[in-house]
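Only one structure is covered here, and it is reproduced in the block below.
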Amino acid sequence: MEKKRWDCTALPKGWKMEEVTRKSGLSAGKSDVYYFSPSGKKFRSKPQLARYLGNQMDLSSFDFRTGKMLMSKLNKNRQRLRYDNNNQNKGKPDLNTSLPVRQTASIFKQPVTKVTNHPNNKVKTDPQKAVDQPRQLFWEKKLSGLNAYDIAEELVKTMELPKGLQGVGPGCTDKTLLSAIASALHTSAAPITGQLSAAVEKNPGVWLNTAQPLCKAFIVTDEDIRKQEELVYSVRKRLEEALMADMLAHVEEAANDGEPLKEEGAGSEDMESV
């Protein structure tokens, strides 16, 4: 393993950053990042670092992998803090718990009597108002142009949909179709069948079924299920290999960290024998 250590300027004075690159094994070329406090304590993750520093430093914009502050996140946090401060200064809620005064023509002001345990109190519901609110047509198009980024501000690759899924509606792209299907899977307990009416292609604004995603009717075949099972098995196999390689690397690192201690202990025993 190759180790490099240098001062981390983003953290308080005296903090060190170490990068360990593995040269052999299944995880060859993989790098791990660690941080050392001025007293020599080792930190392996950002949550450990945040718990140790506490209120000394805000690590919300700190990138653990590069050891730098992400300026885009830092500016967003400043804008959010400035917005919260402005809203707090605009107005405060009225926390007065005194009873209101009855506005009558009487000479003397009479307070309102508050009754909370009346035996005839009942909660009434209107079944007409309890139905679900209607959904806006083509609301999934509002999510077009929005992309997901990781902590290093790199674009996350979107998944590819099967060729059998085709969008319905004006300007329906693959990203809009993906948002519609994901929303339907999370919010609806009914089966996902797509738009069963053929008239939806002629006039989507009239014949669109809002309970189904913006896609044409499709059928999941046994071949599709078999391909999906093979894909899941392949991903699980790669995950197993990655976890095994990471575990072996940690064992090797722990063994290397313990070798100097064993040598020092052997030297002390030689001194005692002399």
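None of these values were measured; they are calculated from a predicted model. Each residue takes its place number in the sequence, starting with 1.
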Practice task
Answer whether the closest heavy-atom distance between the side chains of L243 and M247 falls below 4.5 Å.
Solution key: no
Separation between NZ (K216) and CG (L196), nearest 0.5 Å, reads 13.5 Å
Residues at least two apart in sequence or cross-chain that pass side chain to side chain contact (heavy atoms under 4.5 Å, CB included) with V200, listed by chain then number, are V168, Q195, P204, W207, L208
Here the side-chain hydrogen bond (donor to acceptor under 3.5 Å, both in side chains) pairs for residues 235-245, sequence neighbours left out, are S234-R238
For T21, the side chain to side chain donor-acceptor pair (under 3.5 Å) test, sequence neighbours excluded, returns S31
Applying salt bridge (charged side-chain N to carboxylate O under 4.0 Å, His left out) to K46 and not counting sequence neighbours gives none
Enclosure of N209 CG (heavy-atom neighbours >12, cutoff 6.0 Å)
yes
Note: C8 and M17 closest approach over all heavy atoms is CB-CB, 4.1 Å
Taken in chain and number order and not counting sequence neighbours, the residues that satisfy side chain to side chain donor-acceptor pair (under 3.5 Å) with K227 are none
| field | Same apolar cluster: I225 and Y233, side chain cutoff 4.5 Å | value | no
Just wondering, are more than 12 heavy atoms of other shown residues or ligands nearer than 6.0 Å to CE in M57? yes
Applying salt bridge (charged side-chain N to carboxylate O under 4.0 Å, His left out) to E18 and not counting sequence neighbours gives R5
Residue set satisfying side chain to side chain contact (heavy atoms under 4.5 Å, CB included) with T176, at least two apart, ordered chain then number -> E140, K141, S144, C172, T173, L214
Q: May I ask whether L49 and W6 are part of the same hydrophobic cluster, defined by side-chain heavy atoms of I, L, V, M, F, W, Y residues being less than 4.5 angstrom apart, directly or through others?
A: yes
All heavy atoms of L177 vs all of Q166, minimum pair found to be CD2-C, 4.2 Å
Heavy-atom side-chain contact between N256 and E252 under 4.5 Å: yes
For Q212 and T193 the tightest heavy-atom approach is OE1-N, 3.0 Å
| message | Using a strict threshold of under 4.0 Å (side-chain N to carboxylate O), is an ion pair present between D7 and K13? | response | no
Sorted by chain and number, sequence neighbours left out, ring pair (Phe, Tyr, Trp, His ring centres under 6.0 Å) with F218 holds for none
Open item on the list: I'd like to check L165 versus D174 (side-chain heavy atoms, cut-off strictly below 4.5 Å). Are they in contact?
Closed with: no
When rounded to the nearest 0.5 Å, the distance separating CD of Q56 from CG of L11 is 11.0 Å
Across all chains, not counting sequence neighbours, the ring pair (Phe, Tyr, Trp, His ring centres under 6.0 Å) partners of Y35 are F62, F64
R226 meets the salt bridge (charged side-chain N to carboxylate O under 4.0 Å, His left out) criterion, sequence neighbours left out, with E223, E230
If you draw the axis of the six-membered ring of Y34, does the NZ or CZ of K42 fall within 45° of it and under 6.0 Å from the ring centre?
yes
- Message: Could you check whether atom CG of N203 has more than 12 heavy atoms from other residues, nucleotides or ligands sitting under 6.0 Å from it?
- Response: yes
Rounded to the nearest 0.5 angstrom, the NE2-CD distance for H250 and E253 is 6.5 Å
I219 meets the side chain to side chain contact (heavy atoms under 4.5 Å, CB included) criterion, sequence neighbours left out, with none
Side chain to side chain contact (heavy atoms under 4.5 Å, CB included) filter on S37, not counting sequence neighbours, yields W15, S39, K41, F43, Y52
